[in-house]
Amino acid sequence: MTRGLMTVLKGSLKSVRDFTALEGINAEELAALIDLAETLKDVLERPIKKVPTLRGKAIANVFFEPSTRTRNSFELAAKYMSADVINFQSSGSSVEKGETLWDTARNLAAMAIDAVVIRHQVAGVPGLLADLLDVPVINAGDGMHEHPTQGLLDLLTVKAHYGRIGGLQVAIVGDVLHSRVARSDLWGFTKMGAAVRLVGPPNLLPSELEAPMTSNLEDGIRGCDVIQVLRLQHERQTSGAVPSMREYRERFGVTRERLEKWAPDALVMHPGPQNRGVEIDSEVLDGPQSAVLSQVQYGVAVRMAVLYRLLGGTHDI
């Protein structure tokens, strides 16, 4: 184990069995995880990325919703640390024959799985699963509740760019109502000392969240250090909250011209997948202010850190 990693771990990480939400994690614990992820990121820059940290551990990726970045990054994170991975998807599984989630989880646990990574369309499922199983449960996104590892990688992306999080102005723009990322980001950035604004159409701004809100894009992003752009989630909208994609883009689309006028120095992020030409233009996504690919890269390091923390890696890095 490297001296840097020993310093990160010594006395700074509390014993936590599951990782299901950022809402209940304090700033000290968040900072320790970010520091651990920064250290583990060095592994990704080596010619040979494989380390024996979690050798002998078995991890189940259980996804009841489609995913590309999150599922693949969890799989890579586990494999880079020499763990074995089982990828479970509801399509083509016993779930289609009527097997319940709880029976599926128990069956996986009976196979001597050491941790379960779960994404589910119903909010609260990872927490319920954590109460049911005797192995660590990691939330990879549950309904409109949270996506804690995405929130953590967004924090790491910003810290890597600015060298700090505290004191920054962060705007979360778009479909906040249906976004689990927005909730994890709101709680994570706030705990780390940043000021967060929520920006979007009035009926896509949830009143229960405690943060300044505006439906004026200029007011929302002017002078911000960070802009997190959210995908317009067609699949979760049942009430016609947005009249048309064209109207949404005209009012809330993050374009190069708007950035130049209102937030010329802001770091622009997007959790993906992106609707190019709707909530964000290609010129912005592919431009110099974009941190989208950095988010993907840091996502692997963050998930390595969470797995290491919960599974108690004992081998050298």
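For reference, positions follow the sequence shown, starting with 1.
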Practice item. List in chain and number order the residues that pass side chain to side chain donor-acceptor pair (under 3.5 Å) with Gln150, two or more places apart in sequence or in another chain; answer none if no residue qualifies. Key: Asp154

Revision key, fill the gap. Heavy-atom nearest pair, Leu217 first then Val199, reads CA-CG1, 4.1 Å

Review point. If every non-hydrogen atom of Glu146 is compared with every non-hydrogen atom of Ala21, which pair is closest and at what distance?
Key: OE2-CB, 3.1 Å

Review point. Restricting to pairs with a member in residues 119-141, which pass ring-ring contact (aromatic ring centres under 6.0 Å, His included), not counting sequence neighbours?
Key: Phe64-His120

Check your understanding: Would a 4.5 Å heavy-atom cut-off, applied to side chains only, mark Arg69 and Pro273 as touching?
Key -> yes

Practice item. Without swapping roles, check the side chain of Arg180 against the backbone of Gly143 for a donor-acceptor pair under 3.5 Å. Key: yes

Revision key, fill the gap. Across all chains, not counting sequence neighbours, the salt bridge (Lys or Arg N to Asp or Glu O under 4.0 Å) partners of Arg222 are Glu218

Check your understanding: Mind checking what makes salt bridge (Lys or Arg N to Asp or Glu O under 4.0 Å) contact with Lys79, not counting sequence neighbours?
Key -> Glu75

Exercise for review: Just grab all the salt bridge (charged side-chain N to carboxylate O under 4.0 Å, His left out) pairs involving residues 111-128, residues at least two apart or on different chains.
Suggested key: none

Review point. With a 4.5 Å heavy-atom cut-off, do Leu40 and Tyr80 have their side chains touching?
Key: no

Check your understanding: Between atom CG of Leu205 and atom CG of Leu198, what is the distance when rounded to the nearest 0.5 Å?
Key -> 6.5 Å

Review point. Any side-chain heavy-atom pair from Leu128 and Trp102 closer than 4.5 angstrom?
Key: yes

Practice item. Might you confirm whether atom CZ of Arg164 has over 12 heavy atoms from other residues, nucleotides or ligands at distances under 6.0 Å? Key: yes

Exercise for review: Give a yes or no answer on whether the side chain of Ser82 reaches the backbone of Arg55 with a donor-acceptor pair at less than 3.5 Å.
Suggested key: no

**Study point:** For Phe252, ring pair (Phe, Tyr, Trp, His ring centres under 6.0 Å) partners two or more places apart
**Key:** Tyr248

Point to revise | Side-chain donor or acceptor of Arg258 paired with backbone N/O of Gly253 under 3.5 Å | key: yes

Check your understanding: Between the main-chain N or O of Asn139 and the side-chain N or O of Thr20, is there a donor-acceptor pair closer than 3.5 Å?
Key -> no

Review point. Hey, what do you get for CD1 (Ile113) to CG (Leu133), rounding to the nearest 0.5 Å?
Key: 11.0 Å

Exercise for review: With sequence neighbours excluded, give me every salt bridge (charged side-chain N to carboxylate O under 4.0 Å, His left out) pair touching residues 279-307.
Suggested key: Arg249-Asp281, Arg256-Glu283, Arg276-Asp286

Check your understanding: Side chains of Leu230 and Val176: does their closest heavy-atom pair fall under 4.5 Å?
Key -> yes

Exercise for review: Could you tell me the separation between the CD1 atom of Ile227 and the CD1 atom of Ile172, rounded to the nearest 0.5 Å?
Suggested key: 11.5 Å

Review point. For the side chain of Gln289 and the backbone of Ala263, is there at least one donor-acceptor N/O pair under 3.5 Å apart?
Key: yes

Review point. Is there side-chain contact between Val196 and Asp185, with heavy atoms separated by less than 4.5 Å?
Key: no

Check your understanding: Going through the distances and angles, do Glu257 and Lys261 end up as a salt bridge (Lys or Arg N to Asp or Glu O under 4.0 Å)?
Key -> CA-CA 6 Å; Glu257 293 78 14; Lys261 285 196 300 183; over 6 Å; no

Check your understanding: Hey, mind stepping through Val300 and Met304 against side chain to side chain contact (heavy atoms under 4.5 Å, CB included) and telling me if it holds?
Key -> CA-CA 6 Å; Val300 178; Met304 289 173 70; 4.1 Å; yes

Review point. Just wondering, do Val284 and Val229 contact through their side chains at under 4.5 Å, heavy atoms?
Key: no

Check your understanding: Taking atom CG of Asn87 and atom CZ of Arg71, what is their separation to the nearest 0.5 Å?
Key -> 5.5 Å

Check your understanding: Looking at Lys191 and Glu29, does any basic side-chain N land under 4.0 Å from a carboxylate oxygen?
Key -> no

Point to revise | Straight-line distance of Ser294 OG to Leu153 CG, nearest 0.5 Å | key: 10.5 Å

Practice item. Can you sort out the partners of His145 under ring pair (Phe, Tyr, Trp, His ring centres under 6.0 Å), two or more places apart, ordered by chain and number? Key: none

**Study point:** Expected output: side-chain Arg183 to main-chain Met144 donor-acceptor under 3.5 Å
**Key:** yes

Review point. What pairs of residues pass the ring-ring contact (aromatic ring centres under 6.0 Å, His included) test when at least one of them lies in residues 253-286, not counting sequence neighbours?
Key: none

**Study point:** Qualifying residues under side chain to side chain donor-acceptor pair (under 3.5 Å), relative to Asn107, sequence neighbours excluded
**Key:** Glu99

Practice item. Report whether Val135 and Val85 are members of the same hydrophobic cluster (ILVMFWY, side-chain heavy atoms less than 4.5 Å apart, transitive linking). Key: no

Point to revise | Separation of Leu232 CG from Asp175 CG (nearest 0.5 Å) | key: 5.5 Å

Check your understanding: Under a single-linkage definition using a 4.5 Å side-chain heavy-atom cutoff for Ile, Leu, Val, Met, Phe, Trp and Tyr, are Tyr298 and Val51 assigned to the same hydrophobic cluster?
Key -> yes

Review point. Which pair of non-hydrogen atoms, one from Asp142 and one from Pro126, has the smallest distance, and what is that distance?
Key: CB-CD, 3.4 Å

Review point. Considering only heavy atoms from C-beta outward, does the side chain of Leu152 approach that of Leu30 to under 4.5 Å?
Key: yes

Review point. Under the criterion side-chain contact (heavy atoms from CB on, under 4.5 Å), which of Val302, Val158, Leu156 is the partner of Ile34?
Key: Leu156

**Study point:** salt bridge (Lys or Arg N to Asp or Glu O under 4.0 Å) involving Lys41 - partner list, sequence neighbours excluded
**Key:** Glu45

Point to revise | Shortest non-hydrogen contact from Leu307 toward Phe74 | key: CD1-O, 4.3 Å

Point to revise | By salt bridge (Lys or Arg N to Asp or Glu O under 4.0 Å) - contacts of Glu23 (at least two apart) | key: none

Practice item. For Ile59 and Ile138, run side chain to side chain contact (heavy atoms under 4.5 Å, CB included): C-alpha distance rounded to whole Å, both residues' side-chain angles, the deciding distance at 0.1 Å, then the answer. Key: CA-CA 10 Å; Ile59 297 162; Ile138 301 168; over 6 Å; no

Revision key, fill the gap. When every non-hydrogen atom of Lys49 is compared with those of Leu44, the smallest separation belongs to CE-O, 3.4 Å

Review point. Same cluster for Met213 and Phe189 if Ile/Leu/Val/Met/Phe/Trp/Tyr side chains link at under 4.5 Å?
Key: yes

Review point. How close do Val137 and Ala130 get, heavy atom to heavy atom, and via which atoms?
Key: CG2-CA, 3.7 Å

Review point. Are Val296 and Val306 co-members of a hydrophobic cluster defined by side-chain heavy atoms under 4.5 Å apart?
Key: no

Check your understanding: Side chains of His161 and Thr157: does their closest heavy-atom pair fall under 4.5 Å?
Key -> no

